2 protein chains.
Amino acid sequence: MNTSYPEPARFPVTVDVVALTVSAGALQVLLITRLIEPFKGSMALPGGFVLPGEGLIEAATRELAEEAGVAEQPGYLEQLQSYGPKGRDPRGDVLTVAHLLLAPNFPVIAAGSDAASAGWYPVKDVLAGEYSLAFDHAEILSDAVERARSKLEYSPLGAAFCTPEFTIAQLRAVYDAVWDTKLDPRNFHRKATGTPGFLEDTGKMSTGEAGRPAALFRLAPQAHTTRAACAHAVLNPPLMRPAALTGQD
Amino acid sequence: MNTSYPEPARFPVTVDVVALTVSAGALQVLLITRLIEPFKGSMALPGGFVLPGEGLIEAATRELAEEAGVAEQPGYLEQLQSYGPKGRDPRGDVLTVAHLLLAPNFPVIAAGSDAASAGWYPVKDVLAGEYSLAFDHAEILSDAVERARSKLEYSPLGAAFCTPEFTIAQLRAVYDAVWDTKLDPRNFHRKATGTPGFLEDTGKMSTGEAGRPAALFRLAPQAHTTRAACAHAVLNPPLMRPAALTGQD
DNA sequence: ATAATTATCGTCATATTGACAATAAATGGC
DNA sequence: GCCATTTATTGTCAATATGACGATAATTAT
């Protein structure tokens with residue numbers, strides 16, 4: 001019995017990862033410098049071809065490990081969106097599935113290494129066009145940042161940028177960096193601590209910083225950064241994002 | 001000069017469309033009956049292989065036209081998520097990019113046709129497992145419905161289920177069908193008409209129905225159902241979804 | 001010790017929501 | 001034509017959430 005339908009076209013499929021972190025008070029993205037054509041010398045998102053028998057998240061995790069030199073997945077990874085296959089790679093039709101990683105700052109393969117170099121770059125500068133990005137990676141980055149910004153409104157994912165235990169001020173610094181705002185510390189404290197199922201007091205206090213020590217919190221179990229918890233809202237009503245700062249001090 | 005890296009693996013790529021509409025007071029999904037293996041006889045989302053030189057939305061539009069027999073894209077179409085390539089097709093690794101269509105009720109190729117038949121099925125019944133769905137289409141449908149539900153909270157996309165001009169009650173019926181709620185007509189009216197940039201009064205009135213005639217609205221230009229408008233919130237603060245009805249009258 | 005810094009609690013005006021009363025304007029039955 | 005019924009629309013009111021900011025607490029820096 002011959003179920004005859006034409007042989008389907010096949011496409012190379014890549015995964016790209018927009019890895020975001022907060023450091024030095026700003027949102028940063030992980031970029032690598034391309035050592036091969038096309039776009040040799042340009043910067044690009046880490047990523048690469050999906051292998052037979054792989055799932056998408058699996059492939060994204062592997063590429064992140066290979067290109068940034070990270071041992072374990074350091075944060076929260078989710079699929080962002082797919083792009084292509086038409087008109088995004090000079091070599092031909094290539095479909096890419098972009099992913100979003102939100103993570104605390106982690107060390108990457110230092111620039112200057114002979115093989116490949118990965119580094120953190122301020123998102124603001126990259127989006128402003130200060131670096132030349134390969135393929136459609138500028139568009140992907142832009143979509144990823146918008147996704148991250150809106151995720152902070154209604155999900156507990158701001159905490160994905162923090163270490164397992166963190167202060168309210170550290171969490172607020174994440175919001176301020178991602179949203180480019182200066183949220184009111186008192187109102188933010190009220191919202192963060194007053195939202196059921198969001199934070200859990202560890203009982204411990206921060207030490208060593210200037211000023212009064214702050215209580216250390218962790219994510220409440222219900223809010224743990226898993227796909228299940230973040231699909232639905234935890235911040236309800238959401239923490240709405242004010243207009244971004246207009247760019248002066 | 002030989003930039004030698006291994007030839008990348010290639011995968012068949014499909015697009016699937018979760019087409020949703022509201023009719024008979026309930027959310028309905030467009031399903032076709034599979035006439036070929038695998039899953040011959042099962043129901044499935046309309047979809048098919050991406051062709052060389054196609055973009056994803058383009059391919060989804062084409063498949064919708066081919067399998068449901070619709071001439072023009074009847075509503076709002078956006079990408080949902082990608083699935084695979086591992087472990088979702090018995091024939092091997094196939095990547096699928098699922099799409100979401102929100103549309104007013106439109107006629108499809110009638111069941112009983114010899115070639116293929118498409119029809120609307122109540123989402124509630126399909127998700128309850130009353131039909132056997134091919135591949136991972138049950139999971140895709142579930143994700144799509146959740147996406148649609150959350151879109152109604154902060155975007156004007158409820159109107160994508162309506163004809164170009166509609167009453168507040170028709171829009172509310174959409175919300176009630178998608179969310180499985182019975183929103184208060186008075187509060188809904190206040191929110192819908194009171195949200196700047198959402199609705200625009202046509203000046204016309206509905207006729208022929210029981211009860212007092214209702215004013216006819218259309219989407220405000222700012223809120224028109226395009227990707228640009230719906231990426232950002234129009235309903236701000238959002239219209240939060242109450243708990244769904246528990247299942248009695 | 002004192003100043004500076006940061007955390008945390010409180011206050012108050014304003015905006016939004018949810019519940020529901022009341023009125024307006026049509027249809028349908030007689 | 002008259003009245004009950006239905007649906008649309010306006011309004012009221014208490015509860016809740018937000019934004020702006022005062023005040024106090026508990027550290028480090030000098």
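What you see is a predicted model; the values in this text were computed from it and never measured. These values consider heavy atoms only, across backbone and side chains, with no hydrogens, waters or symmetry-generated copies. Every chain is numbered from 1 and lettered A, B, ... according to where its sequence line falls, protein lines coming before strand lines.
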B:Glu130 CD: over 12 foreign heavy atoms closer than 6.0 Å: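 More than 12 heavy atoms, drawn from other residues, nucleotides or ligands, come within 6.0 Å of this atom.
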Rounded distance in Å - [atom1] ([X]) to [atom2] ([N]):
{"X": "B:Leu216", "N": "D:dA8", "atom1": "CG", "atom2": "C1'", "result": "12 Å"}
{"X": "B:Lys191", "N": "C:dA15", "atom1": "NZ", "atom2": "P", "result": "14 Å"}
{"X": "B:Asp184", "N": "D:dT12", "atom1": "CG", "atom2": "C1'", "result": "13 Å"}
{"X": "B:Glu209", "N": "C:dT27", "atom1": "CD", "atom2": "P", "result": "10 Å"}
{"X": "B:Gln170", "N": "D:dA8", "atom1": "CD", "atom2": "P", "result": "9 Å"}
{"X": "A:Arg186", "N": "C:dC12", "atom1": "CZ", "atom2": "C1'", "result": "13 Å"}
{"X": "A:Arg190", "N": "D:dG22", "atom1": "CZ", "atom2": "C1'", "result": "14 Å"}
{"X": "B:Met205", "N": "C:dA25", "atom1": "CE", "atom2": "C1'", "result": "8 Å"}

First encountered from the 5' end of DNA chain C, between B:Ala210 and A:Ala215: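 Comparing both residues, the 5'-ward one is A:Ala215.
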Whichever of A:Asn187 and A:Ala214 has its nearest DNA chain C nucleotide further upstream toward 5':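 Of the two residues, A:Ala214 wins.
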Closest nucleotide among C:dA26, D:dA8, C:dA19 to the B:Pro213 side chain: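 Among C:dA26, D:dA8, C:dA19, the one nearest the side chain of B:Pro213 is C:dA26.
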Short side-chain N/O contact from B:His189 to OP1 or OP2 of D:dA8, under 4.0 Å: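 Looking at the OP1 and OP2 atoms of D:dA8, neither is under 4.0 Å from any side-chain N or O of B:His189.
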B:Thr96 side chain to B:Ala98 backbone, donor-acceptor under 3.5 Å: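 Side chain of B:Thr96 to backbone of B:Ala98: no pair is present.
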Atom pair CG/CD of A:Leu77 and A:Glu58 - distance to nearest 0.5 Å: 12.0 Å
NE2-CD distance between A:His99 and A:Glu63, expressed to the nearest 0.5 angstrom: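 The distance works out to 11.0 Å.
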Donor/acceptor link under 3.5 angstrom from B:Arg212 side chain onto base of C:dA25: no
